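It should be emphasised that the depicted structure is a prediction, and the values quoted were computed from it without experimental measurement.
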Amino acid sequence: MSGAGGEKGASWFQRFLLPGFALKAVIIGGGYATGRELAEFFLPSGPWGGLAGMILAMLIWSIVAAVTFLFARMVGARDYRSFFEALLGRAWFIFEIGYLLFIILILAVFGAAAGAIAQAAFGAPPILGTLALMAGIGLFATFGNASVEQLFKWVSFLLYGVYSLFLILALVGFGDRIGAGFAVPAATDGWALGGLTYAGYNIIGAVVILPVLRHMTSDRDALVAGLIAGPLAMAPAIAFFVCMIAFYPGIAQEVLPSDFLLGQLGSPAFHLLFQLMIFAALLESGTGAVHAVNERIAKAWHIRRGAVLGNPARLGIALFILTGCMLVADRVGLVALIATGYRALAYIFLTVYVLPLLTIGLVRLVRRRSTRQAEAA
């Protein structure tokens, strides 16, 4: 199958930056945005070990994203089922089982985080935050690609701006403590495992965001977009991690490290802005995950019925998924979800996605390139 052609008139933003923003959107929800995942996977290795683990994860994201985008273009895949049918053949369903588990976990995490934000920022019952998040995800998922891409774009601008301001305020407010934290010798054990594990369960974002690749016009677009996706996705996390070091190691025990740090800044207005930004991050992450399911169903619907999946059906699917998954958030805490579920998912995705992609997929890409060069000669 030949590679998928891009849309005529696609902008450089759509071709190069949108995929990275979309990858960040899928990754940044619950634990990343609140700092909980960073405390779980990187703080145990100390300040410098944690940074090393984050850089390793970033490099893995870039490499896997680039190969994923190239392979998707080669086989013409714009949803995860088509991608894995081309990569795994009849075993494609193994990925879908893992992805369904992934969605249950992350949406439960997002629901719990939204509830915690509503309670911390406004003193509201947690269920109101969860319901507000469900409504937002359902709304954006209803209207398909254009709606989701606009969400990724504008939330990204908000997010990078707020994280930049947060870093500046933290350096001014307790920069001396950050410097002291990095100066104190600390064990760096486990940094590679932490980085590999974190990269493993998050890199699924590269295949979840295949619908946004429709704007790419060449393999060069896919390669460049993939390589810069890693830094775009990890930059806010690195900025936040640096700020966390001011209160290392005690901050590792905080359920919401972001709320703790914001309290230390002593700016109620910025505290509220940051909490709203986290909610927006949860919104784009949850929307990206649900939209991937909608696109997978839309492709199957079109093949079987020859019809387009309508907006009411998209909304119904989204609400069904959200209602089922976010009920879990009422029964299991945020920290427990991340600690017990995500590590197992990392190994599942490494086995059924990353390893086949970097072996079978890469070999096929190299063979196609060799064939093209031979034909050109």
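- Minimum heavy-atom separation, Tyr248 to Ala186: OH-CB, 4.3 Å.
- Here the closest non-hydrogen pair linking His271 and Asp259 is NE2-OD1, 2.7 Å.
- In this structure, the side chain of Trp92 does not engage the main chain of Ala86 through any donor-acceptor pair within 3.5 Å.
- When all heavy atoms are compared, the tightest approach of Gly286 to Ile137 is CA-CD1, 3.7 Å.
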Taking it one step at a time, do Arg81 and Tyr99 satisfy side-chain contact (heavy atoms from CB on, under 4.5 Å)? CA-CA 11 Å; Arg81 174 174 175 171; Tyr99 185 59; over 6 Å; no
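- Residues Leu261 and Phe274 form no side-chain contact, since every pair of their non-hydrogen atoms from C-beta on lies 4.5 Å or further apart.
- With hydrogens and angles ignored, the 3.5 Å screen pairs a side-chain donor or acceptor of Gln14 with a backbone N or O of Ser11.
- Using modelled atom types and a 3.5 Å distance limit, the side chains of Tyr80 and Glu96 yield a donor-acceptor pair.
- The main-chain N or O of Pro356 is found under 3.5 Å from a side-chain atom of Thr359 such that the two form a donor-acceptor pair.
- You'll find the side chain of Leu159 reaches within 4.5 Å of the side chain of Lys24, heavy atoms only.
- Residue-environment remark: CZ (Phe320) stays at or below the threshold of 12 foreign heavy atoms within 6.0 Å.
- When side chains are defined from C-beta on, Val75 counts as touching Arg364, because their heavy atoms get closer than 4.5 Å.
- Of the possible polar contacts, one joining the Thr130 side chain to the Gly111 backbone as a donor-acceptor pair under 3.5 Å is found.
- A salt bridge links Glu295 with Arg314; the closest basic N to acidic carboxylate O contact falls under 4.0 Å.
- For Trp301, the CH2 atom sits in a loose shell: 12 or fewer heavy atoms of surrounding residues, nucleotides or ligands are nearer than 6.0 Å.
- A donor-acceptor contact shorter than 3.5 Å links the side chain of Ser62 to the backbone of Leu227.
- Contact annotation: the side chain of Phe270 approaches that of Leu262 to within less than 4.5 Å [non-hydrogen atoms, C-beta and beyond].
- Lys153 has its side chain out of reach of Leu17: every pair of non-hydrogen atoms, C-beta onward, lies at least 4.5 Å apart.
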Evaluate the salt bridge (charged side-chain N to carboxylate O under 4.0 Å, His left out) criterion for residues Glu85 and Lys299: first the C-alpha distance (whole Å), next the side-chain angles of each, then the deciding distance (0.1 Å), finally the verdict. CA-CA 13 Å; Glu85 283 180 331; Lys299 176 69 175 293; over 6 Å; no
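- Hydrophobic clustering, with ILVMFWY side chains joined whenever heavy atoms are under 4.5 angstrom apart, keeps Leu165 apart from Leu272.
- Ring-plane geometry between Phe166 and Tyr163 is classed as perpendicular, the angle between the planes exceeding 60 degrees on a 0 to 90 degree scale with a lower cut at 30.
- Contact check for Leu322 versus Leu133: no side-chain heavy atoms found under the 4.5 Å cut-off.
- Hydrophobic clustering (ILVMFWY, side-chain heavy atoms < 4.5 Å, transitive): Met134 and Leu139 are in distinct clusters.
- Taking CE from Met234 and CD1 from Ile60, the interatomic distance works out to 9.0 Å, rounded to the nearest 0.5 Å.
- A donor-acceptor pair under 3.5 Å links the side-chain atoms of Thr323 to the main chain of Leu319, judged by distance alone.
- There is no path of hydrophobic side-chain contacts, each under 4.5 Å, that joins Phe69 to Ile63.
- Distance CD1/Ile245 to CD1/Ile251: 8.5 Å, rounded to 0.5 Å.
- Smallest separation of non-hydrogen atoms from Ala246 and Phe174: CB-CD1, 3.5 Å.
- Considering every non-hydrogen atom in both Glu37 and Asn202, the closest pair reads OE1-ND2, 4.4 Å.
- Side chains of Thr68 and Leu210 form a contact here, defined as non-hydrogen atoms less than 4.5 Å apart.
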Met54 and Leu38: CA distance, side-chain angles, deciding distance, side-chain contact (heavy atoms from CB on, under 4.5 Å) verdict: CA-CA 9 Å; Met54 297 176 82; Leu38 307 185; 4.1 Å; yes
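- Within the 4.5 Å cutoff, no side-chain heavy atoms of Ile348 are placed close to those of Phe95.
- The backbone N or O of Leu232 lies less than 3.5 Å from a partner atom in the side chain of Tyr160, making a donor-acceptor pair.
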Could you go through Val155 and Leu283, starting from their C-alpha distance and side-chain angles, then the distance that decides it, and tell me whether this counts as side-chain contact (heavy atoms from CB on, under 4.5 Å)? CA-CA 9 Å; Val155 171; Leu283 175 61; 5.5 Å; no
Intermediate values then yes/no, side-chain contact (heavy atoms from CB on, under 4.5 Å), Leu56 and Tyr198: CA-CA 10 Å; Leu56 174 61; Tyr198 189 66; over 6 Å; no
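- Not one N or O on the side chain of Arg36 forms a donor-acceptor pair closer than 3.5 Å with the backbone of Ser258.
- Classified by interplanar angle (parallel below 30°, tilted 30° to 60°, perpendicular above 60°), the ring pair Phe157/Phe21 is perpendicular.
- Phe102 CZ to Ile204 CD1: the interatomic distance, rounded to the nearest 0.5 Å, is 4.5 Å.
- At distances below 3.5 Å, not a single donor-acceptor pair connects side-chain atoms of Thr188 with backbone N or O atoms of Ser45.
- The aromatic rings of Phe84 and Tyr353 stand perpendicular to each other, their planes meeting at an angle above 60°, with 30° marking the opposite boundary.
- Taking all atoms of both residues into account, the shortest heavy-atom contact from Ala280 to Leu158 is CB-CD2, 4.1 Å.
- One distance of note links CD1 of Ile104 with CG of Leu107; it measures 9.0 Å at 0.5 Å rounding.
- Atoms NE2 and CZ, on His291 and Arg296 in that order, are 14.5 Å from each other to the nearest 0.5 Å.
- A chain of hydrophobic side-chain contacts below 4.5 Å, direct or via other Ile, Leu, Val, Met, Phe, Trp or Tyr residues, connects Leu101 to Val208.
- The hydrophobic clustering, which links ILVMFWY residues whose side-chain heavy atoms are closer than 4.5 Å, places Val148 and Phe13 together.
- Here the CZ atom belonging to Arg15 is positioned 4.0 Å from the OG1 atom belonging to Thr217, to the nearest 0.5 angstrom.
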